[in-house]
Amino acid sequence: MGDSVHVPAPAPRVHLTRLPGERVRVGTAGGEHDPDVVEDVDLAELPGLVAERETAHGEGPDGGPRWVWDDTARWYPALLAAGVRVARCHDLRLCRRVLSRAPAVDQSLLRGEDAELWDGLAPAQPSEPVLFSAAAASEHLDAAVEDARQLGAVAASPDAARLALLLAAESASALVAAEMTHAGVPWRVDVHEALLTERLGPRPPRGARPRLLAECAEEVRALLGSPGLNPDSRPDLLAALRRAGVDVADTRAWTIRRIEHPVAEPLLRYKKLSHLFTTNGWAWIDEWVSGGRFRPVYQPAGSATGRWSSNGGGALSFPVQVRSAAVADEGWLLVVADVAQLEPRVLAGMSGDLGLARAARGADLYQGMVDAGAVASRQDAKLGLLGAMYGATSGESGRMVAGLTRRYPQAFGLVEEAARAGERGQVVRTLLGRGCPALGGSWDESPDAPPDDLDAQDRHRRAYGRFTRNFVVQGTAAEWASCWLADLRNRLWRLGDGDAPLEGRPHLVFFLHDEVVVHAPAHLADAVVAEVEAAAVAAGTLVFREHPVDFPLNVSVVRSYAEAGKPGGTES
DNA sequence: CAGATCCGCGCC
DNA sequence: AGGGCGCGGATCTG
């Protein structure tokens with residue numbers, strides 16, 4: 001815990017890491033609580049959920065302490081609201097989750113006082129008033145005790161260095177997530193609403209369809225001869241289609257696209273408009289955009305593979321259609337960067353496949369495979385690699401896998417071995433040591449376990465094998481991305497003016513698996529581009545130390561997100 | 001009637 | 001016989 005050194009009342013902006021024992025102002029911002037309520041908190045009196053530890057040499061760029069707390073999402077939003085930026089932290093909940101599944105960790109070292117309470121911690125809710133909830137839990141939990149346990153478990157592991165890197169990257173990701181929600185994506189509601197009005201018509205009263213969507217529904221009804229049909233009802237739509245002589249098995253767009261009937265066009269148009277209206281329409285604006293910012297809620301490592309998920313705002317799935325509303329502030333620009341073919345590159349690095357690493361040297365890995373004579377076309381290369389990583393067993397993709405296995409034995413052998421391990425019921429791990437959920441555990445709770453029939457059990461095993469096959473690559477890609485984010489975060493901070501708050505400097509506003517968006521003052525945009533690229537190089541070195549692989553970026557400097565070019569397409 | 005589940009769609 | 005997610009509406013279930 002921090003020493004109790006009391007100093008005068010804080011400035012509005014306080015660098016928490018420099019203030020052991022100092023008083024900071026912590027707002028109970030968020031939710032229905034008054035965001036202006038600010039309390040004085042003596043750091044020495046913070047609940048046991050928060051501790052402080054000296055940072056080891058070489059652990060960070062600036063030295064200084066590392067804040068250790070139960071959950072970044074519990075503390076950091078309020079600190080950010082009070083103008084406090086935390087340089088580094090250790091998120092005990094996230095890290096315990098990693099360690100408790102890591103095959104290279106002696107699980108007995110994680111047991112002890114209150115250990116099961118730490119296991120049971122749910123992610124903090126963003127609207128939870130920070131001080132109340134913490135006070136209740138702190139009677140039981142002691143961050144310093146849990147921290148010591150985790151440090152001990154890491155130190156005793158044969159994979160200590162990689163695990164330490166993973167935990168640091170994971171914790172930094174948690175800081176990034178909170179900072180991105182705090183800053184938000186600059187969002188032009190007027191642009192978004194104009195787009196909605198153009199495609200859907202004026203905003204309808206609650207419960208009604210907008211005019212153009214309603215007209216589209218009417219066209220569908222007329223063409224099917226089914227007045228009163230609700231196109232949103234799958235059973236009704238299916239029945240109406242059959243009455244009209246269209247024999248289809250389901251109502252998916254992909255299926256409708258292949259039928260020959262005049263209703264296909266308006267029906268597909270209906271589906272598209274309906275999705276825009278329900279997913280990213282006016283209601284979405286009301287709920288997720290405030291103060292000219294889109295503020296989704298991220299869950300770092302929210303998925304089993306370590307990828308982020310998002311439980312608010314649909315941050316990880318908002319369509320290209322509305323990205324034109326993400327517009328930089330006046331005098332600012334957006335730097336949009338994504339990695340072309342992240343997962344194949346990660347596979348090359350983690351497997352040490354020199355042939356695939358050679359193909360990865362250019363901006364286009366698939367073209368690199370063509371140039372090396374491994375495949376006839378880009379398309380074949382893509383099919384083969386995606387097939388190998390997803391477990392395709394048939395069709396063109398399956399055939400490509402067979403041929404490429406001979407050409408790239410290490411890379412294709414690695415995913416194949418991961419699949420076989422899964423089929424045997426074994427867990428697998430990422431390069432930095434994250435373990436996958438066990439076969440009987442959270443991967444699939446459904447009680448298919450009793451040997452219903454041998455066939456079902458076999459299918460179950462193979463599904464798990466496909467999961468473990470993909471896990472090793474997707475999970476390691478997530479680790480690379482976390483390192484990229486963590487390093488970029490520090491670089492952006494150093495780029496800003498010494499006294500400027502987070503939002504006054506170049507800062508991350510969006511992250512989506514292999515893509516970042518930085519909001520930056522126009523005069524710093526070029527410098528940001530350089531830092532984004534440098535961070536990608538640094539991440540590659542950190543994660544794939546012994547087998548370097550290139551991670552070239554597609555970078556755009558734009559006013560609107562919609563202008564960002566994506567030469568890499570949708571692969572990986 | 002609330003809550004769980006399914007479907008279809010979007011993103012990677 | 002293709003991996004990971006979230007979301008909204010319709011439908012099913014207790």
Side-chain angles (χ1 to χ4, degrees), chain A residues 207 209 230-238 249-257 267-268 270-281 283-284 287-288 296-323 338-344 346-347 383-398 401 415 418-419 422-423 428 430 436-437 443 446 455-456 458-478 481 510-516 566 568-572:
Chain A
R209 288 193 179 98
N230 174 11
D232 291 329
S233 167
R234 284 181 300 269
D236 293 359
L237 179 58
L238 207 54
D250 56 64
T251 64
R252 290 177 206 153
W254 190 82
T255 305
I256 302 299
R257 206 164 289 131
L267 182 52
L268 288 169
Y270 178 87
K271 282 173 173 288
K272 192 123 195 121
L273 289 180
S274 171
H275 189 263
L276 174 63
F277 173 57
T278 57
T279 309
N280 295 101
W284 181 88
E287 184 160 7
W288 297 110
V297 181
Y298 299 94
Q299 296 263 322
S303 78
T305 58
R307 269 191 177 182
W308 290 27
S309 61
S310 161
N311 60 0
L316 276 55
S317 67
F318 77 83
V320 179
Q321 286 196 66
V322 299
R323 291 190 185 182
D338 76 311
V339 191
Q341 307 108 22
L342 173 60
E343 290 183 359
V346 163
L347 176 57
L383 273 176
L385 267 175
L386 294 184
M389 292 187 298
Y390 290 158
T393 56
S394 66
E396 214 176 326
S397 189
V401 172
V415 284
E423 286 167 10
V428 296
T430 60
C436 71
W443 177 71
S446 70
D455 247 23
D458 197 46
R459 277 200 305 277
H460 194 229
R461 291 257 163 171
R462 294 176 70 138
Y464 186 65
R466 285 193 299 277
F467 168 68
T468 55
R469 170 195 290 274
N470 186 251
F471 178 92
V472 293
V473 181
Q474 188 184 121
T476 305
F510 191 68
F511 168 64
L512 207 169
H513 307 315
D514 62 358
E515 176 170 0
V516 295
K566 308 248 292 183
T570 58
E571 44 250 354
S572 106

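What's counted below: heavy atoms across the whole structure, side chains too, no hydrogens, waters or symmetry copies. The sequence lines fix the lettering, A, B, ..., with proteins before strands; numbering per chain opens at 1. Computed from a predicted structure; not experimentally measured.
Following rounding to the nearest Å, A:Q299 (CD) and B:dC11 (P) show an atom-to-atom distance of 22 Å. The separation between A:F277 atom CZ and C:dG8 atom P is 12 Å, rounded to whole Å. B:dG10 atom P lies 11 Å from atom CG of A:N280, rounded to whole Å. With rounding to whole Å, A:N311 atom CG is found 8 Å from C:dG6 atom P. The NE2 atom of A:H460 sits 12 Å away from the P atom of C:dG3 (whole-angstrom rounding). The distance between atom CG of A:L347 and atom P of B:dC12, rounded to the nearest whole Å, is 21 Å. Atom CG in A:D236 sits roughly 10 Å away from atom C1' in C:dA10 (whole-Å rounding). Rounding to whole angstrom units, CH2 of residue A:W308 and P of C:dG6 are separated by 14 Å.
Picking from C:dG3, B:dC6, B:dC12 the nucleotide with the shortest atom distance to the side chain of A:E515 gives B:dC12. Checking C:dG4, C:dT11, B:dG8 against every side-chain atom of A:T251, the shortest atom distance belongs to B:dG8. Here the side chain of A:T393 is nearest to one of C:dG4, C:dG2, B:dC9, namely C:dG2. Between C:dG3, C:dT11, C:dC5, one nucleotide has an atom nearer to the side chain of A:Y390 than all others, and that is C:dG3. Among the nucleotides B:dC9, B:dC12, C:dA10, the one closest to any side-chain atom of A:R252 is B:dC9. Set against C:dC5, C:dG9, C:dG2, the side chain of A:S309 has C:dC5 as its closest nucleotide. Residue A:S303 has its side chain nearest to C:dC5 when only C:dG9, B:dG8, C:dC5 are considered. The side chain of A:D250 lies closest to B:dG8 when the candidates are C:dA10, B:dG8, C:dG3. In this structure, the nucleotide among C:dA10, C:dG4, C:dG3 sitting nearest to the side chain of A:R466 is C:dG3. Taking the side chain of A:S233 as heavy atoms from C-beta on, and the options B:dG8, C:dG4, C:dT11, the nearest nucleotide is C:dT11.
For the pair A:K271 (side chain) and A:T251 (backbone), a donor-acceptor distance under 3.5 Å is present. Looking at A:S310, its side chain does come within 3.5 Å of a backbone N or O of A:V297 through a donor-acceptor pair.
Looking at A:R307, its side chain comes within 3.5 Å of the base of B:dC12 through a donor and an acceptor atom.
Inter-residue side-chain proximity for A:L237 and A:N230 is flagged as unmet; no heavy-atom pair is nearer than 4.5 Å. At least one side-chain heavy atom of A:P231 sits less than 4.5 Å from a side-chain heavy atom of A:R209. Here the side chains of A:R466 and A:F471 are not in contact, with every heavy-atom distance at 4.5 Å or above.
Nucleic acid contact for A:A253: sugar-phosphate only, since backbone atoms but no base atoms lie under 4.0 Å from a heavy atom of the residue. Using a 4.0 Å heavy-atom cutoff across all strands shown, A:A304 reaches sugar-phosphate atoms only and no base atom. At the heavy-atom level, A:V473 lies nowhere under 4.0 Å from the strands shown. Across all strands, A:L316 comes closer than 4.0 Å to base atoms (heavy-atom distances).
A:R459 and A:Y464 form no side-chain donor-acceptor contact under 3.5 Å, judged by distance and modelled atom types alone.
At least one side-chain nitrogen or oxygen of A:K272 sits closer than 4.0 Å to the OP1 or OP2 atom of B:dG10. Here A:K271 does not reach the OP1 or OP2 of B:dG8: none of its side-chain N or O atoms lies under 4.0 Å away. Look at A:N230 and you'll find a side-chain N or O under 4.0 angstrom from OP1 or OP2 of C:dA10.
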